[in-house]
Amino acid sequence: MCSDSHSEMPILSTDVVDLTQQLCTIDSVSGKEGEIVDVVAKGLEEQGWHVHRQKVYDDGKGRDNVYATRVPIGDHVPRLVFNSHFDTVPPLIPLKRTDDALFGRGVNEAKERKGGGGQLINRLLPASSLLCPLERSSKVSFLNEIPGQLAALIIAANRLVDERPDLAKDVALLFVVGEEIDHAGMIKANDLPGYGPEFLIVGEPTEMTYASIQKGALKVKVSVAGKAGHSGYPHAGVSAIHKLVEILDDIMKYEWPKDAHHDTLAITIVPGDTTFNIGSISGGQALNAWAEKAAAGNLSIFFRVTTTYDDLKNRIETIVNGRAQLDWSLGGNNPVKLTLPPYEAPVGQASFNTDLPYFKGIEQLRGAFLYGAGTITKAFGPDEFVPISELRECVVNHVRLAKTLLEHLFNLFVKCSILIGNYTFVSHPYV
């Protein structure tokens with residue numbers, strides 16, 4: 001039966017599935033990360049971590065990065081960092097648990113809610129209140145989105161330091177805000193004291209495969225001007241929408257780079273095709289008037305880059321050929337060549353963006369790994385889910401990889417390559 005007393009319950013559950021469910025009670029959609037930051041920071045402190053909260057936004061909402069180490073911050077530079085992000089995208093989707101899987105927004109990646117009331121102080125000891133309903137039913141539903149990757153990394157880090165206390169000082173956790181919006185958290189994290197890892201393990205939904213490459217990103221807003229006039233008289237005006245449609249048609253018909261191959265260490269990496277999404281279109285002022293203005297991309301046209309940012313930018317400028325204004329202020333980045341694990345394991349590619357390109361020390365990394373439970377193809381959709389077995393296996397694999405890297409158990413001269421700038425490879429041996 002459920003107990004009314006929380007006095008002996010930990011702030012954060014020590015089971016990956018229960019912790020995932022526990023964190024789902026906290027709304028961490030981008031812009032609202034403050035509450036989950038509070039809970040995770042206090043929970044890690046209770047578990048013996050030295051926690052440093054780094055302010056990122058000046059909005060008074062507590063949207064901070066959390067950097068946790070096993071020794072005082074700045075006394076030692078941890079060699080390996082587990083990294084993910086607090087924020088997620090809307091809308092709110094109820095969480096459901098079956099015997100085999102968790103369903104809901106964020107189970108694949110990292111968060112959101114809102115199912116019940118209560119102040120933060122009532123959420124600092126939530127484990128029993130969340131676990132007790134599971135004793136009465138095999139299926140549970142919360143109006144929340146949940147941090148599957150975040151939970152797996154916390155459990156893995158704690159298991160690693162428990163099993164190998166001699167490695168504890170070289171292990172850290174870095175959870176950032178703003179990843180889904182502007183990467184402000186990772187950009188700010190570059191200024192953290194004692195942050196300069198040799199190995200970075202990033203938790204994202206990769207279908208339990210180690211990503212060999214992360215596609216780059218390019219975001220551009222296309223704006224077109226017309227001349228207002230009565231639409232019954234073609235000579236009276238010029239439709240900005242008509243002009244915009246012609247440009248977008250040219251973009252859609254263009255033969256973008258496909259199946260680019262990059263060979264390294266006798267392994268062929270196939271980043272796949274350059275793709276794009278026109279996020280939104282707006283324009284016009286009345287049905288019977290020529291549109292004076294039109295724009296594609298309140299959220300920009302988002303390209304997934306397989307060559308380089310500059311290459312794609314040049315192609316877009318050539319296609320548009322002065323017919324519209326191009327706003328590049330939302331930025332982008334080149335693809336990132338990731339590290340393969342030092343043992344046999346499934347390998348794939350990531351057609352989504354992460355914070356990795358915004359870590360200034362990426363060129364000095366000896367290993368950059370992207371791995372996690374769940375599939376990105378279900379993320380942001382109404383049927384997003386993650387198998388419970390994958391969450392548990394993900395913890396085991398995070399621990400295995402971290403131990404291997406820190407123990408130097410392999411002697412082969414295996415190199416990792418980080419893709420930077422104009423396809424310049426910077427290679428380092430693991431050992």
Task: Spatial distance of atom CZ (F359) from atom CG (N83) [nearest 0.5 Å] - done: 9.5 Å

Open item on the list: Test your reading of the model: is there a side-chain donor-acceptor pair from W256 to the backbone of V305, 3.5 Å cut-off?
Closed with: no

Open item on the list: Within the supplied structure, the quantity of interest is the number of heavy atoms (other residues, nucleotides, ligands) at a distance under 6.0 Å from Q325 CD; does it exceed 12?
Closed with: no

Open item on the list: Tell me which pairs pass ring pair (Phe, Tyr, Trp, His ring centres under 6.0 Å) where either residue lies in residues 45-72, with sequence neighbours left out.
Closed with: Y67-Y195

Task: Side-chain heavy-atom pair V202, L200 within 4.5 angstrom cut-off - done: yes

Open item on the list: Test side-chain contact (heavy atoms from CB on, under 4.5 Å) on V56 and E33; report intermediate values, then the result.
Closed with: CA-CA 11 Å; V56 177; E33 302 99 321; over 6 Å; no

Task: Salt bridge flag under 4.0 Å for residues E163 and K403 - done: yes

Task: Nearest atoms (heavy-atom pairs only) where N333 meets P357 - done: ND2-CG, 3.3 Å

Open item on the list: In terms of relative ring orientation, are Y210 and F369 parallel, tilted or perpendicular, with 30° and 60° separating the classes?
Closed with: perpendicular

Task: Aromatic W328 / basic K313 pairing, under 6.0 angstrom, 45° off normal - done: yes

- [ ] Starting at CZ of R315, measure out to OG1 of T307 and round the result to the nearest 0.5 Å.
- [x] 5.5 Å

- [ ] Flag the pair I73 / V51 as yes when at least one side-chain heavy-atom distance between them is below 4.5 Å, and no otherwise.
- [x] no

Open item on the list: For the CG atom of L80 and the CG atom of L173, what is their distance to the nearest 0.5 Å?
Closed with: 9.5 Å

Open item on the list: Between D64 and K188 (salt bridge meaning N to carboxylate O under 4.0 Å), is one present in this structure?
Closed with: no

Open item on the list: Strictly by ring pair (Phe, Tyr, Trp, His ring centres under 6.0 Å), give each pair with a member in residues 154-193 just once, sequence neighbours left out.
Closed with: F86-F175, H183-Y358

Task: salt_bridge(K221, D327) N-O dist < 4.0 Å - done: no

TODO: Please confirm whether the backbone N or O of G216 pairs with a side-chain atom of N334, one donor and one acceptor, at under 3.5 Å?
DONE: no

TODO: For L312 and P257, work out which heavy atoms get closest and say how close.
DONE: CD1-CD, 4.4 Å

TODO: Using salt bridge (Lys or Arg N to Asp or Glu O under 4.0 Å) as the criterion, list what pairs up with D59, not counting sequence neighbours.
DONE: R63

Task: Any F303 side-chain heavy atom under 4.5 Å of I251 side chain - done: yes

- [ ] Measure from the side-chain N and O atoms of N190 to the backbone N and O of M186, and report whether any donor-acceptor pair falls under 3.5 Å.
- [x] yes

Task: Heavy-atom side-chain contact between D38 and R53 under 4.5 Å - done: yes

- [ ] Would you sort out whether I281 and I278 count as a side-chain contact (heavy atoms from CB on, under 4.5 Å), showing the intermediate values?
- [x] CA-CA 8 Å; I281 298 177; I278 301 171; 4.0 Å; yes

TODO: Taking the side chain as every heavy atom from C-beta outward, state whether L406 and V171 have any pair of such atoms under 4.5 Å apart.
DONE: yes

Task: Flag side-chain contact, heavy atom, 4.5 Å: S30 against I181 - done: yes

- [ ] Look at the side chain of N314 and the backbone N and O of D310, then say whether any donor-acceptor pair between them is shorter than 3.5 Å.
- [x] yes

- [ ] Give a yes or no answer on whether the side chain of Q22 reaches the backbone of S13 with a donor-acceptor pair at less than 3.5 Å.
- [x] yes

Task: Evaluation steps, salt bridge (Lys or Arg N to Asp or Glu O under 4.0 Å), between D15 and R392 - done: CA-CA 9 Å; D15 176 81; R392 299 196 186 284; 2.7 Å; yes

Open item on the list: Check whether T209 reaches the backbone of V347 with its side chain - one donor and one acceptor, N or O, closer than 3.5 Å.
Closed with: no

Open item on the list: By the definition side-chain contact (heavy atoms from CB on, under 4.5 Å), identify the one residue from I213, V336, T206 that meets it with L370.
Closed with: T206

Open item on the list: Could you work out, with side-chain contact (heavy atoms from CB on, under 4.5 Å) as the rule, every residue matching A151, not counting sequence neighbours?
Closed with: V16, L19, T20

- [ ] In plain terms, say whether R304 and D273 are close enough for a salt bridge, that is, a side-chain N and a carboxylate O under 4.0 Å apart.
- [x] no

Open item on the list: Just so I know, are the side chains of K243 and R323 near enough to count as touching, which here means a heavy-atom distance under 4.5 Å?
Closed with: no

Open item on the list: Tell me whether the rings of F82 and H398 are parallel (<30°), tilted (30 to 60°) or perpendicular (>60°).
Closed with: perpendicular

TODO: Give the C-alpha distance, both sets of side-chain angles, the deciding distance and a yes or no for side-chain contact (heavy atoms from CB on, under 4.5 Å) between L12 and L23.
DONE: CA-CA 9 Å; L12 299 177; L23 294 178; 4.2 Å; yes

TODO: Could you tell me the separation between the SG atom of C394 and the CD1 atom of I155, rounded to the nearest 0.5 Å?
DONE: 11.5 Å

Open item on the list: Distance alone, cut at 3.5 Å: any donor-acceptor contact between the side chains of Y371 and N397?
Closed with: yes

Open item on the list: Assess whether a salt bridge exists between D27 and K32, defined as any Lys/Arg side-chain N lying under 4.0 Å from an Asp/Glu carboxylate O.
Closed with: yes

Task: Polar side-chain atom of N158 near backbone of I154 as donor-acceptor pair, under 3.5 Å - done: yes

Task: Distance (rounded to the nearest 0.5 Å) between M252 CE and D250 CG - done: 11.0 Å

TODO: For residues Q54 and D191, determine if any side-chain heavy atom of one lies less than 4.5 Å from a side-chain heavy atom of the other.
DONE: yes

Task: Over all atoms of both residues, closest heavy-atom pair of S84 and L153 - done: CB-CD1, 3.6 Å

Open item on the list: Give me the atom names and distance for the closest heavy-atom approach of A172 to T69.
Closed with: CB-CG2, 3.8 Å

Task: Rounded distance [0.5 Å steps], CZ in R70 versus CG in L167 - done: 12.5 Å

Open item on the list: According to side-chain contact (heavy atoms from CB on, under 4.5 Å), who are the partners of A324, at least two apart in sequence or on a separate chain?
Closed with: V222, V224, I247, V320

Open item on the list: Taking side-chain contact (heavy atoms from CB on, under 4.5 Å) as the definition, give me every residue that meets it alongside N277, ordered by chain and number, with sequence neighbours left out.
Closed with: none

TODO: Can you see which heavy atom on L365 is nearest to which on P197, and at what distance?
DONE: CD2-O, 3.3 Å

- [ ] Answer yes or no: is there a donor N or O on one side and an acceptor on the other, between the side chain of K219 and the main chain of I301, under 3.5 Å?
- [x] no

- [ ] State, to 0.1 Å, how close P342 and T404 come at their nearest heavy-atom pair, and which atoms those are.
- [x] CG-CG2, 3.8 Å

- [ ] Mark yes when over 12 heavy atoms from residues, nucleotides or ligands other than K169 sit less than 6.0 Å from its NZ; otherwise mark no.
- [x] no

Open item on the list: Test side-chain contact (heavy atoms from CB on, under 4.5 Å) on Q214 and N353; report intermediate values, then the result.
Closed with: CA-CA 7 Å; Q214 170 193 308; N353 206 24; 2.9 Å; yes

